[in-house]
Amino acid sequence: MSFPWAKEYTPSNPVMQFLDEKLPLPRLVYNAVGAGYPVPRNLSYFWNFGVLAGFFLVVQIVTGVVLAMHYAANAQVAFATTEHIMRDVNWGWLMRYAHANGASFFFIVVYLHIFRGLFYSSYKAPREMIWLLGVVIFLLMMATAFMGYVLPWGQMSFWGAKVITGLFGAIPLVGEPIQIWLLGGFAPDNAALNRFFSLHFLLPFVIAGVVILHIWALHIPGSSNPTGVEVKQESDTLPFHPYYTAKDGFGLGIALILFFSMVFFLPNALGHPDNYIEANPLSTPAHIVPEWYFWPFYAILRAFTVDFLFFPAKLLGVIAMFGSILVWFFLPWLDKSPVRSGHYRPLFRKFFWFGLIPAMVILFICGGAPAEEPYVMLSQLATAYYFLHFLVILPIVSQIEKPAPLPYSITEAVLGSDKKAVLGENATPAV
Amino acid sequence: MADTAATATPETAGETGDGIRRRDFLDIAAVSAAGIGGLAVVYPLVSQMAPSKDVLAASTTEVDVSAVEPGQAIKAVFRKQPLFIRRLTPAEIAEANAVNAGTLRDPQTLAERTKEGHEDMLVTMGVCTHLGCVPLGAAEGEVKGEFGGYFCPCHGSHYDTAGRIRKGPAPTNLEVPEYAFTSDTVIQVG
């Protein structure tokens, strides 16, 4: 499960020896994030975001469990208990602001994590399963975040719940009964609020479970790296501890500075003022948008404005929105290029930087803008490119592209030469 | 030193003769900063479970006792717990004072358990000091126990007319909360 040169756990302390025999937890830690896990020596800071995502999952679970101690999932008092947390509970404001901004930071680091995976093709063999599990985690995160946003029972909570469950109403024939079943009523009310709270509490632990599978799957081939060249020898790797514990620790420090800058100084910058108005089923806010992390997908949903063949526009939008994430499940088989890193793929790189990234930025901006021109037309163009990129451009590029020459090994990429490669297997390692 | 520099690994870099590395300073500084940060995180996580501001705001209670006749008791609520306010009859006062306080399980005189000038006004928590049940004897017609004060039905503790434990498992007298007469007829508890 690891490279043959991985250091073995040899506890000298008798207590640890006892523990290692009965329940080898220290050994698990040693082999997972300790000196017993060799990692490519050339990882950049883009490889920090997995650890950061795990950290923010923990932040969300800890602050969320605390908030649940003071919150009541009842439509009569939910809004009032949220204010009770803000005003009466000791440090309640900190817990709630950390939880709300923690959700945003969780998505920021996960998006950077996905970006890393897309540019360096981390989804390719032998790491397909890691990628697939990652997409599952992302879908679970979206569901959890949506249901959590309903809980304060403000105006955006209520109308968000109504609009998102309304997506299911687009399904032909059974759509409306499904929507009513999901809400437990004809509009969001106590039944919906209660089940959303229950699921919002449950899903993070499901995410934690899939995260364990994600890491387990990762530790079989080990991390990819910026060259995309697989580890060949010991000189290509460094032990996780202390090298990457230190590097991740530094990244964590930066992330915490940014996170608490938001929590303490701009706690509501990413939220909507309308959500400080209690839910009112008789009045929709003038400009209703989801949280920023849903904007690209919201733009795809709204990009479909005319019916096509037998499909009403509403249904097409819903299919496209779900499809925009589901397409990631096929990515390992759509991109057939044997070269992983975008650094060695000149054609792929052009489409990535000048096609996919601008399309995502446009979708992000349009998703947060009102549904009017020019945003609708821009969303349509960007949506078209988005699907074209994954379903057409990527398979073709991977066939016709001539990749740049790859370094022989990670050692060569780092040091400029790989003595073992030149002198043979018995030469002293370069370091 | 030149030799050690040439073969230095991160584990031994900057090592001086006595085995101290320059890197030790960074290690200690980083771990200390993380430790202090960790404590700063633990403090609010512990503190949030303490009573919130609205609970603390309800922690004093004012009661008008003018309508309590001798021999009668009323129940009020103080910090979500029952409070017994009882105006003693002269006979009950005499009965309480007749006991040698030194022989009791929790030695206290009636005077020590009431306010000066208001010796007939007995204010106690309605919470048995054994395991927290509400004793009987405050409401009309309830059993008052063998000593004419309060009787706890849970495990049979008998309190006398001064609310002192006389028989049964309770360890101490019924608690007299902190209170004061804000006027002749109004008391503020807490």
Side-chain angles (χ1 to χ4, degrees), chain A residues 7 35 41 55-56 58-59 61-72 77 80-99 102 235 238-257 259-260 263-264 428-431, chain B residues 1-16 18-62 77-81 132 188-190:
Chain A
K7 269 191 263 177
R41 63 189 289 172
F55 172 78
F56 280 108
V58 172
V59 169
I61 289 178
V62 170
T63 54
V65 167
V66 167
L67 290 172
M69 293 179 186
H70 303 285
Y71 169 84
V77 295
T81 55
T82 308
E83 285 306 303
H84 162 74
I85 290 168
M86 293 302 289
R87 294 155 194 255
D88 294 333
V89 174
N90 299 322
W91 302 95
W93 59 271
L94 177 62
M95 299 301 152
R96 179 162 173 266
Y97 281 152
H99 196 70
S235 69
L238 290 170
F240 191 90
H241 180 76
Y243 293 93
Y244 287 107
T245 43
K247 190 160 186 156
D248 284 334
F250 180 75
L252 180 62
I254 302 289
L256 283 173
I257 289 170
F259 175 56
F260 282 107
V263 170
F264 290 138
T428 353
V431 171
Chain B
M1 278 307 284
D3 285 352
T4 52
T7 57
T9 66
E11 283 74 27
T12 58
E15 196 169 303
T16 58
D18 49 4
I20 297 169
R21 305 173 304 157
R22 276 178 308 187
R23 192 171 286 241
D24 290 342
F25 173 76
L26 282 178
D27 286 352
I28 293 166
V31 170
S32 309
I36 292 165
L39 288 178
V41 167
V42 167
Y43 179 78
L45 286 175
V46 172
S47 172
Q48 56 88 17
M49 288 181 58
S52 59
K53 299 282 185 291
D54 56 330
V55 171
L56 293 178
S59 61
T60 60
T61 304
E62 280 203 343
V77 177
F78 172 58
R79 290 181 184 165
K80 300 269 169 177
Q81 300 196 88
Q188 190 191 48
V189 191

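In the text below, chain A, chain B and the rest are named by the order of the sequence lines, each starting its count at 1.
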Practice prompt. Sort by residue number and list every member of residues 89-98 of chain A having a non-hydrogen atom under 4.5 Å from chain B.
Written response: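 The list, in residue order, reads Val89(A), Asn90(A), Trp91(A), Leu94(A), Met95(A).
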Item to complete: Under 4.5 Å, counting heavy-atom pairs only, tell me which of Asp54(B), Val55(B), Leu45(B) racks up the most with chain A.
Response: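 Heavy-atom pair counts peak at Asp54(B).
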Worksheet entry | Best-contacting candidate, Val66(A), Leu256(A), Thr63(A), against chain B by heavy atom pairs under 4.5 angstrom |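 Highest number of heavy-atom pairs under 4.5 Å: Val66(A).
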Within a radius of less than 6.0 Å around [atom1] of [X], do more than 12 heavy atoms belonging to other residues, nucleotides or ligands occur?
X	atom1	answer
Met49(B)	CE	no
Phe264(A)	CZ	yes
Phe250(A)	CZ	no

Worksheet item: Any side-chain heavy atom of His70(A) within less than 4.5 Å of one from Ser52(B)?
Response: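 Not in contact.
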Discussion item. Between Tyr244(A) (side chain only) and Arg41(A) (backbone N and O only), is there a donor and an acceptor less than 3.5 Å apart?
Written reply: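 Yes; at least one donor-acceptor contact below 3.5 Å.
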Worksheet item: Just by distance, do the side chain of Ser47(B) and the backbone of Tyr43(B) share a donor-acceptor pair under 3.5 Å?
Response: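 No.
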Item to complete: Measure across Phe78(B) and Val189(B) and return the closest heavy-atom pair with its distance rounded to 0.1 Å.
Response: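 Result for this residue pair: CE1-O, 3.5 Å.
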